[in-house]
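Data block below; observations after.
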Amino acid sequence: MTEEGLKPYEEFTRCQNMEEIDELEKRWNKLNESRENKIPHYDMTLEELCKRYNLVLFEEVMKKYGILI
């Protein structure tokens, strides 16, 4: 795990009672709520995504060079 991934685990293991765990959970929920609006949601198929951003599927590249998957 990365340091960023270990941070919540370390915070949780330092909690000594249920009150501290409840406070930690409230902070996590508040942090997650603030992140929700920043993550864009795209409602499109993979084909539409490739066409929109001029992407090529991995399978097509492999076929072009004769590599079987």
Side-chain angles (χ1 to χ4, degrees):
M1 287 186 109
T2 63
E3 286 184 31
E4 192 70 25
L6 285 174
K7 191 174 183 179
Y9 172 75
E10 291 172 350
E11 287 182 42
F12 179 77
T13 56
R14 283 191 294 247
C15 293
Q16 296 179 0
N17 53 41
M18 282 305 294
E19 288 84 21
E20 290 179 3
I21 292 173
D22 290 339
E23 289 299 318
L24 181 61
E25 185 177 13
K26 287 177 187 175
R27 283 192 292 135
W28 285 348
N29 288 339
K30 191 180 281 188
L31 179 62
N32 288 336
E33 287 173 5
S34 68
R35 290 180 179 169
E36 282 180 14
N37 296 332
K38 295 180 182 177
I39 300 172
H41 175 72
Y42 297 105
D43 189 19
M44 63 180 83
T45 64
L46 184 57
E47 290 78 18
E48 292 171 335
L49 179 80
C50 290
K51 185 176 180 180
R52 181 175 181 177
Y53 294 105
N54 198 24
L55 302 174
V56 179
L57 292 174
F58 179 71
E59 289 84 12
E60 291 179 16
V61 173
M62 298 300 275
K63 286 179 188 175
K64 179 180 178 182
Y65 293 102
I67 301 171
L68 300 175
I69 300 176

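Heavy-atom basis, side chains included; hydrogens, waters and symmetry copies ignored.
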Review point. How far does CD of E11 sit from CD1 of I21, to the nearest 0.5 angstrom?
Key: 12.5 Å
Review point. Would I67 and F58 show up in the same hydrophobic cluster when neighbours are defined by side-chain heavy atoms closer than 4.5 Å?
Key: yes
Practice item. Not counting sequence neighbours, which residues clear salt bridge (charged side-chain N to carboxylate O under 4.0 Å, His left out) with K26? List them please. Key: E23
Exercise for review: Would you check if the side chain of E20 reaches a backbone N or O of Q16 as a donor-acceptor pair within less than 3.5 Å?
Suggested key: yes
Check your understanding: Is L46 reachable from L55 through a run of I, L, V, M, F, W or Y residues, each pair having side-chain heavy atoms under 4.5 Å apart?
Key -> yes
Review point. Linking I/L/V/M/F/W/Y whenever any side-chain heavy atoms sit under 4.5 Å apart, do L6 and L24 land together?
Key: no
Review point. For M44, what residues pass the side chain to side chain contact (heavy atoms under 4.5 Å, CB included) criterion, not counting sequence neighbours?
Key: Y42, E48, L49, R52
Review point. Is the shortest heavy-atom distance from the side chain of E19 to the side chain of D22 under 4.5 Å?
Key: no
